[in-house]
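Data block below; observations after.
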Amino acid sequence: MLSSEQFCLSLLRESKTLKTFKQIHAFVSKTGLDKDTFILGKLLIHCTITISDALHYAHNLFLKIPNPDVFMYNTLIRGLSESDTPQRSIPLFVQMRRQLSLPPDSFSFAFILKAAGNFRSLKAGIQLHRQAIGFGLDTHLFVGTTLVSMYAESGSVQSAQKVFDEMFEPNVVAWNAIVTAYFRCGEVNGAERIFNRMPFRNLTSLNVMLAGYTKAGEVDLARELFSQMPLKDVVSWSTMIVGFAHNGCFNEAFGFFRELQRGGMAPNEVSLTGVLHACAQAGAFDFGKILHGYMQKSGHLQIISVNNALLDTYSRCGFVGMARLVFEDMLEKKNIVSWTSMMAGLAMHGYGKEAIELFHQMVDFGIWPDGITFISLLYACSHAGLMEEGYRYFTQMSKIYGIQPAVEHYGCMVDLYGRAGQLQKAYEFVVQMPIPPTDIIWRTLLGACSIHGNVKLAEQVKERLSDLDPNDSGDHVLLSNVYAVAGKWKDVAAVRRSMTDMRIKKTPGWSMIEVDKTMYRFVAGEGQNEIYKEAYDKLKEIMLRITVEGGYVPEVGSVLHDIEGEEKEFAVLLHSEKLAVAFGIARLRDRRPIRIVKNLRICRDCHSVMQLISKVYRLEIVVRDRSRFHSFENGTCSCRDYW
DNA sequence: ATAGGGTTAG
């Protein structure tokens, strides 16, 4: 015979959704079981930790408890510390501290310090550390480890080391935390030194090293260590896949994912989101589709984060319709990341109005937008030329939604005005910003000057950039492009000379194309191998055909060279997107669109070449450049020459 | 009585 208490607990164990939880809650209130503090504690932690997206409900439940105990406080502090507003846990901790009958325990400090680390407040962290000392809990194994992580998050590796040194018997978890602290603060050598001194290691310690190395950009060191590891778990594999994706090693990410599967280990949501992220960056649609097929069978499509990554992959591969299908299939499981990614996807394909509509649907659905949502929304307005709408949402974000615009939002506004040709307005906006404009803000404005050929303003803006970040090659190239479009070849030459004097090299443009599930990368002016030869040969044939059949005339304005005539034409001919498209046509096996991913913005000449190829060859070409998608079909582009 | 620290994602 079950007691009503046991019955209630067994019901809770089965409850995974807020809906079933509410039923249990109603039942418990009716039977008066909620007078039992143990049951009440169980209800609170279940709602906070087990049920996803129910923190709001948990908070309300907590507020109705007349005299919450330490466990209840700790539970809600924990929930808030893991939320996107960890600073909200502080007032709760303060409230608990006011009640002297409720002394905080090691759990309280572990959770509240985690929160301080999450919102990177060294000030709050130091104060909490002092209080922990007062309760004699600072050397507690768990509290001490959290202190180490908190100081690392706040950038103070010395304090982390000091806390660690005072711990009585640090175990392997504490050692791992201090190694991570060094990596976190950018000290790879320090991390290695501690790692070599560790008295004991397990697999996780090696995984810590793998993660640290890849985050520091040391892919080769990670690879070397990985190959020496006698035992590897799914975290080791996922770490490598994610690390490759972060460092632009896409084929390696694909290869490791395949090997993980071949070894009989089951990929988890992290390895999957990692490899999808690689597909998204590389524009690897074919590999992405294979992953989608795998996930349909494996059951990973139940996981929200995996769906979000898949959605993003489809949009970044140029298939915004597929992205929309994934999005709709998520039904009511869509979270703020899903909505924001879908808005960004529509925006980068030029569907500004649709992105705005989605924003309103999201709000109606009951999801409150955050700062990132507004970046997508403003980006959508700017890429669709919706200047007034953009300004309206910028005003609304603080007035209606209570979100203070960050520098990124100001950047979106500069882009919005600049792209639309309102350069004076954009400049005035920058000058009256309440926060100091960063190099990125000025660079956005310089980009707009380059699109609209405003030499005078470009020179002014470049001055500011020379103070903030004089060595950015892109800035020099933009300025030189402004001069080139205006036909000021002497000034172009001067920029080029100063670049040589300052030893600034132009960031090489590259373009990638996926053929047979492998990414091929072309760099302008490079290449002696067979692949390049194949591309060059095809390109010559293509250029001849579009000249004869399409009336192509080279546009040499966007070339950074103080060279004349024929040579200039030759330089544009070498642009990487032309090589990639030629290679794609050479290897063409069906009428599928040719898809290219490029690291910089597409130039005018390449843009018109793509238009002509799409017409003469009756082929669809999709180019994802640094800022948006261009879909070429029958001689026109989806960007309507607005980029 | 109930829970917690280190590695992979967003």
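Letters A, B, ... are given to chains in the order of the sequence lines, protein chains preceding strands, and every chain is numbered from 1.
- Contact annotation for A/Leu141: base contact, defined as any heavy-atom pair under 4.0 Å involving a base atom.
- If you measure from atom CD of A/Glu82 to atom P of B/dA9, you get 17 Å, rounded to the nearest angstrom.
- Protein atom CG of A/Asp105 is 12 Å distant from nucleotide atom P of B/dT2, rounded to whole Å.
- Within the nucleic acid shown, A/Asn202 comes within 4.0 Å of at least one base atom, counting heavy atoms only.
- A/Val235 comes within 4.0 angstrom of a base, heavy atoms only.
- Side chain of A/Asn207, nearest nucleotide from B/dT7, B/dT2, B/dT8: B/dT7.
- A/Asn308 comes within contact range of no nucleotide atom at all, as no heavy-atom separation falls under 4.0 Å.
- For A/Gln127 and A/Gln131, the side-chain atoms include no donor-acceptor pair closer than 3.5 Å.
- Not a single donor-acceptor pair, N or O on each side, falls under 3.5 Å between the base of B/dG5 and the side chain of A/Thr146.
- For the residue pair A/Asn176 and A/Asn207, no side-chain donor N or O sits within less than 3.5 Å of a side-chain acceptor on the partner.
- Residue A/Lys215 places its side chain closer to B/dT8 than to any other of B/dT7, B/dG4, B/dT8.
- When heavy atoms are screened at a 4.0 angstrom cut-off, A/Ser238 is found touching base atoms of the nucleic acid.
- With B/dG6, B/dA3, B/dT2 as the candidates, the nucleotide lying closest to the side chain of A/Phe38 is B/dT2.
- When the P atom of B/dG4 is taken as reference, atom CG of A/Leu137 falls 18 Å away, rounded to whole Å.
- Considering only side-chain atoms of A/Ala211, the nucleotide from B/dG5, B/dT7, B/dA3 that sits closest is B/dT7.
- Between the side chain of A/Asn74 and the base of B/dG4, no donor-acceptor pair under 3.5 Å is found.
- When each of B/dG4, B/dT7, B/dT2 is scored by its nearest atom to the side-chain atoms of A/Arg78, the top-ranked nucleotide is B/dG4.
- Separating the CG atom of A/Leu260 from the C1' atom of B/dA9 is a distance of 15 Å, rounded to the nearest angstrom.
- Comparing B/dT2, B/dG6, B/dT8 by their closest approach to the side chain of A/Thr239 singles out B/dT8.
- Contact annotation for A/Thr204: base contact, defined as any heavy-atom pair under 4.0 Å involving a base atom.
- Taking the ring axis of A/Phe256 as reference, the NZ or CZ atom of A/Arg223 does not stay both within 45° of it and closer than 6.0 Å to the ring centre.
- Side-chain contact check for A/Asp105 and A/Ser108: at least one donor-acceptor pair (N or O, by modelled atom type) lies under 3.5 Å.
- Distance A/Leu311 CG to B/dG10 P: 14 Å, rounded to the nearest Å.
- As judged by a 4.0 angstrom heavy-atom cut-off over every strand, A/Asn171 is placed among the base-contacting residues.
- Aromatic stacking of A/Phe71 on B/dT2: satisfied, with centres closer than 5.5 Å and planes within an angle under 30 degrees.
- Computed from coordinates, the A/Met240 CE to B/dA9 P distance equals 13 Å when rounded to whole Å.
- A/His140 comes within 4.0 angstrom of a nucleotide base, judged by non-hydrogen atoms across all strands.
- Defined by atom type and a distance below 3.5 Å, a donor-acceptor pair is missing between the side-chain atoms of A/Glu408 and A/Tyr379.
- Among the atoms of the strands shown, base atoms are found under 4.0 Å from some heavy atom of A/Ser106.
- A donor-acceptor pair shorter than 3.5 Å can be found between the side chains of A/Gln161 and A/Tyr182.
- For a distance-only test at 3.5 Å, the side chain of A/Thr273 fails to qualify as a donor-acceptor partner of the base of B/dG10.
- Rounded to whole Å, atom P of B/dG6 lies 17 Å from atom OH of A/Tyr151.
- The distance between atom CD of A/Glu269 and atom P of B/dG10, rounded to the nearest whole Å, is 12 Å.
- Considering only side-chain N and O atoms, A/His246 lies under 4.0 angstrom from the phosphate OP1 or OP2 of B/dA9.
- Taking the 5.5 Å centre cut-off and the 30° plane limit, the aromatic side chain of A/Phe111 is not classed as stacked on B/dG4.
- A/Asp312 and A/Ser315 share no side-chain donor-acceptor pair at under 3.5 Å.
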